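Note that this is a predicted model, so its numbers are computed, not measured.
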Amino acid sequence: MADSRATQPKVTYATLSAGQTPEFNKAYDEAAERVRKDLGKTYPNLIGGREVAARDTFPDTSPSDTRVVLGRFAAGSRDDARAAIAAARKAYESIWRDLPWKERVGYIRKVAAAIERHRYDLSALLSMEVGKNRLEAMGDVQETADLMSYYCDQVEEHGGFETPMQTLSEKEANRDVLRPYGVWVIISPFNFPMALSGGPSSGALLGGNTVILKPASDAPLTGYRLAECYREAGLPDGVFNFITGPGSTVGDELVNNPGVDGILFTGSKQVGFGIYRDFAKDYPKPCITEMGGKNPALVTATADLDVATDGVLKSAFGLQGQKCSACSRVYVDQKVARAFNHLLVDKTRKIVIGDPVKKENWLGPVINKAAYENYARYTAIGRKDGRILVGGEPLKREPYDHGYFVQPTVIGGLPQDHALSRDEMFLPITCVWEVASLDEALTLANRTEYGLTAGLFSTDQKEIDTFFNRIEAGVVYVNRRAGATTGAWPGVNPFGGWKGSGSSGKASGGPYYVAQFMREQSRTLIRG
C-alpha cells in the first residue's frame, strides 16, 4: 500500500456531510487509481509470520460490478485453522503473554499510525469491496485507528489493569491484576470490515492474547490489508494471524477446537447465538457475540421534522441499510405523520445511487446476490401487506446491470405486529407506523428480541426523559440529525446492545471493552 497521508480534517460518522472537500476528493481519487492497479492478485493465509497458500481459492468480486475481481483468496482447510491456532499458542506462550503491557501498547499505537498513513487507499478499497460511499468508507477506516488509540489510552489510564489492594497484616502485599486468556478468534462481518476487525483484534492483543482473524468472505481483501498494517507495525510472528475459508470447515474448526480460549463474533443473531451455545464445552470460556438490531426511531408531535427526516434517512439508508444499527422502524405521532412521510419521501427520491467510488454517489450496491434477492422478497411483502411510499424496485438498466443496486425504500400501512416489524432485513428498507402517543411508540419500540440502538426526535424535555428511562437499547440518541440510530464513535458513544443484540453487556469503544479479553487474578505475597 502506498503512503496516502494528507492534511485533512478527521472524518467521523457525525461529520460526513462536511468532510468531502476538494482536497479530500483529490486524495481519494488518487488512492482509487493506486488500488485499481493492484487488483486481481492471489492472497495467502498468514500463519505464524508465513504466507501459506491453499490448493483452492475463491474470488472476491465487487458488488458494484461483479465482473471486477478484486482478488483471489485461500479456501483454507481445517488443517490451516489448526496451524493458525498452534502458531497463536506458540506466540502467546513464548512472547506475547509476558511482554510488558507498555510494549504491547507501543505496538498497537504503531498499527493505528499505519492505518492513518494508508487511510485513503484503505477507504477506496472499502468502496470497491463492500459498496461504502467514500465518506462512510473513510469513517470506517478512521474509526479503526481511533478504536485502537482509545483502547491504548484505556490500558495506560488503568496502569495495565494492575491495582494495589488492602492488606490484613504488615507482612502482606496484595494486588489485583487482569491477565490474558490465551488465543482469541475474531470473526468479523462484511459491513465494517476494518473497524469490526481492527477494534476487537487490538482489544484482545492489548489484553495480552494472540489473535486469529477470519474475515467475512465478502470482504477478505480489507482484512488482508489490515493484517499488512499489523505486519508493518512489526508484531512478532504468530501474534496476529489471518485466515480465510468456508465457515463449514475453517469457521467450524476455529469455534470447536479446544485450543481456542476466547471468541468474538460479529454478525447475525442466528449464527452468533449458535456459536454462543456451542463454543464452551468442558468449562465456561468467554464468547462475545455482537449481533443484530431492529432499531426504532420515535418522532413526536413536538419534533423538528426536517431534523427527524434527515436523521431517519441517514440511518435507514447509510451503507444501504446494511448496519446492525440501521433504522428499520419509525413510529410517528399521527398529528405529524402526513408531513413527516411527505418530507421523508421527497428526500429519499433525491438520493443519488451508483458506484460509490464516484464522489457524486451516496448510495452504493447491496453486498451480494442473496441480499439482492432478499430485497425483492421484502419489497414484495411490503407491497402486498402495506404500501410502498417510495422505492421498491431493483435497478437493472445501465449503469447498474452488473451490480446489486436497488432503490431505497419506505413502506407504510403495515399492521403493527407485521413480520417486517420484527425481521432484521439488513437492506435499504424502513417501515413507518402512525401512533397516538409516545407511550404507544415506546411499547412498540420495545416489542422486539433486539436492543441495540434507538432514537427519539422531540423538543419536550418530559418526553426526552421518558424515552431515556424506558427505551430498551444499549445506544440511544435524541435529536441526532447525523443519524437517528447510527454513528457511534470511540470514546464518545460506546456501542453495544441489550437482549438479543449482544452477550457481554459491555460496549465497543467504551471504557470496559479491553477488560473483556482478560481474567482477574488476586495475588498475595507474604514477606518475612
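For Arg89 (side chain) and Gly259 (main-chain N/O), a donor-acceptor pair under 3.5 Å exists by modelled atom type. The closest donor-acceptor contact from the side chain of Ser501 to the backbone of Gly451 lies under 3.5 Å. Between the side chain of Arg97 and the backbone N or O of Glu93 there is at least one donor-acceptor pair closer than 3.5 Å. A donor-acceptor pair under 3.5 Å is absent between the side-chain atoms of Glu136 and the main chain of Gly318, judged by distance alone. Remark: side-chain polar atoms of Asn133 are not paired, donor with acceptor, to backbone N or O of Pro356 under 3.5 angstrom. The backbone N or O of Glu520 sits nowhere less than 3.5 Å from a side-chain atom of Ser522 that would complete a donor-acceptor pair. A distance-only check finds no donor-acceptor pair linking the side chain of Thr289 to the backbone of Gly272 [under 3.5 Å]. With Thr430 contributing its side chain and Cys327 its backbone, the two residues share a donor-acceptor pair below 3.5 Å. Proximity of a side-chain donor or acceptor of Asn209 to a complementary backbone N or O of Val183 within less than 3.5 Å is not detected. Between the side chain of Trp184 and the backbone N or O of Val211, no donor-acceptor pair lies under 3.5 Å.
Scanning both residues, Ala91 and Val239, for their nearest heavy atoms gives CB-N, 3.8 Å. Pairing each heavy atom of Ser325 with each of Thr485, the nearest pair is O-OG1, 2.7 Å. Residues Val130 and Pro193 share a closest heavy-atom pair of CG1-CG, 4.2 Å. Contact record, Thr210 with Ala88: OG1-O, 2.8 Å, taken as the closest heavy-atom pair. Listed here is the closest heavy atom pair of Gly293 and Leu452: CA-CB, 4.2 Å. In plain terms, the two heavy atoms of Pro408 and Ile353 that are nearest each other are CD-CD1, 3.6 Å.
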Legend entry - Intermediate values then yes/no, side-chain hydrogen bond (donor to acceptor under 3.5 Å, both in side chains), Thr244 and Tyr43: CA-CA 10 Å; Thr244 55; Tyr43 295 90; over 6 Å; no

Inset, instruction - Show your working on side-chain contact (heavy atoms from CB on, under 4.5 Å) between Phe426 and Asn191 and close with a plain yes or no. - result: CA-CA 10 Å; Phe426 230 60; Asn191 58 342; 3.5 Å; yes

Inset, instruction - Would you check, one step at a time, whether the test ring pair (Phe, Tyr, Trp, His ring centres under 6.0 Å) holds for Tyr120 with Tyr28? - result: CA-CA 6 Å; Tyr120 280 94; Tyr28 179 96; 7.4 Å; no

Inset, instruction - Would you sort out whether Thr486 and Tyr13 count as a side-chain contact (heavy atoms from CB on, under 4.5 Å), showing the intermediate values? - result: CA-CA 8 Å; Thr486 55; Tyr13 303 127; over 6 Å; no

Inset, instruction - Before giving the answer on side-chain contact (heavy atoms from CB on, under 4.5 Å), spell out for Phe495 and Cys324 the whole-Å C-alpha distance, their side-chain angles and the decisive distance to 0.1 Å. - result: CA-CA 11 Å; Phe495 186 82; Cys324 53; 4.0 Å; yes

Legend entry - Candidate pair Phe240 and Ser202, rule side-chain contact (heavy atoms from CB on, under 4.5 Å), full reasoning: CA-CA 10 Å; Phe240 181 91; Ser202 66; over 6 Å; no

Legend entry - Test log, rule salt bridge (Lys or Arg N to Asp or Glu O under 4.0 Å), inputs Asp56 and Arg72: CA-CA 10 Å; Asp56 298 319; Arg72 297 185 180 278; over 6 Å; no

Legend entry - Check against salt bridge (Lys or Arg N to Asp or Glu O under 4.0 Å), Asp38 and Arg225: CA-CA 12 Å; Asp38 209 34; Arg225 296 304 186 210; 2.8 Å; yes

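Shown here is Lys499, whose NZ atom has more than 12 heavy atoms of other residues, nucleotides or ligands within 6.0 Å. Under a cut-off of 6.0 angstrom, the local environment of CZ in Phe58 is crowded, with over 12 non-hydrogen atoms contributed by other residues, nucleotides or ligands. Open room surrounds CD on Gln270; 12 or fewer heavy atoms of other groups in view lie less than 6.0 Å from it. The neighbour count for Lys281 NZ, taken as heavy atoms of other residues, nucleotides or ligands under 6.0 Å away, is above 12. Summarising the local packing, CZ of Arg50 is surrounded by 12 or fewer heavy atoms from other residues, nucleotides or ligands at distances under 6.0 Å.
Rounding to the nearest 0.5 Å gives a distance of 11.0 Å between CE of Met128 and OG of Ser123. Taken from CG in Leu39 to CG in Leu221, the straight-line distance is 7.5 Å, to the nearest 0.5 Å. One distance of note links CG of Asp140 with CG of Leu196; it measures 7.5 Å at 0.5 Å rounding. Between the NZ atom in Lys323 and the CD atom in Glu424 there is a gap of 13.5 Å [rounded to 0.5 Å]. To the nearest 0.5 Å, the span separating CZ on Phe273 from SG on Cys287 amounts to 10.5 Å. Separating the CG atom in Leu226 from the OG1 atom in Thr222 is a distance of 9.0 Å, to the nearest 0.5 Å.
Just one residue in the list Arg134, Arg34, Lys359 forms a salt bridge (charged side-chain N to carboxylate O under 4.0 Å, His left out) with Asp29, and that residue is Arg134. With Tyr151 as reference, Tyr513 is the one residue of Trp101, Phe517, Tyr512, Tyr513 to meet the ring-ring contact (aromatic ring centres under 6.0 Å, His included) rule. Screening Tyr372, Tyr375, Tyr400 against Phe405 for a ring-ring contact (aromatic ring centres under 6.0 Å, His included) leaves a single residue, Tyr400.
Side-chain contact check for Pro220 versus Glu129: some heavy-atom pair is nearer than 4.5 Å. The shortest distance between side-chain heavy atoms of Val155 and Arg104 does not fall below 4.5 Å. A heavy-atom distance below 4.5 Å is not found between the side chains of Pro63 and Val366. At a threshold of 4.5 Å between non-hydrogen side-chain atoms, the residues Leu205 and Leu235 count as touching. Proximity of Gln407 to Leu395: side-chain heavy atoms (C-beta onward) are separated by under 4.5 Å at one or more points.
Taking Asp80 as the reference, nothing meets the salt bridge (Lys or Arg N to Asp or Glu O under 4.0 Å) condition, with sequence neighbours excluded. The side-chain contact (heavy atoms from CB on, under 4.5 Å) check on Asp237 picks up nothing, with sequence neighbours excluded.
The cationic group of Lys285 lies under 6.0 Å from the six-membered ring centre of Phe279 and within 45° of the ring axis, placing it in a cation-pi geometry. Annotation: cation-pi geometry satisfied between Lys132 and Phe192 (NZ/CZ under 6.0 angstrom from ring centroid, within 45° of ring axis).
No side-chain donor-acceptor contact under 3.5 Å links Tyr378 and Thr409. Side-chain contact of Ser188 with Ser197: a donor-acceptor pair under 3.5 Å is present, judged by distance alone. No side-chain donor-acceptor contact under 3.5 Å links Glu228 and His118.
Note on Asp60 versus Lys41: no salt bridge recorded, every NZ/NE/NH1/NH2 to OD/OE distance being 4.0 Å or above.
Here salt bridge (charged side-chain N to carboxylate O under 4.0 Å, His left out) pairs that include residues 192-221, with residues two or more places apart or in two chains, number zero.
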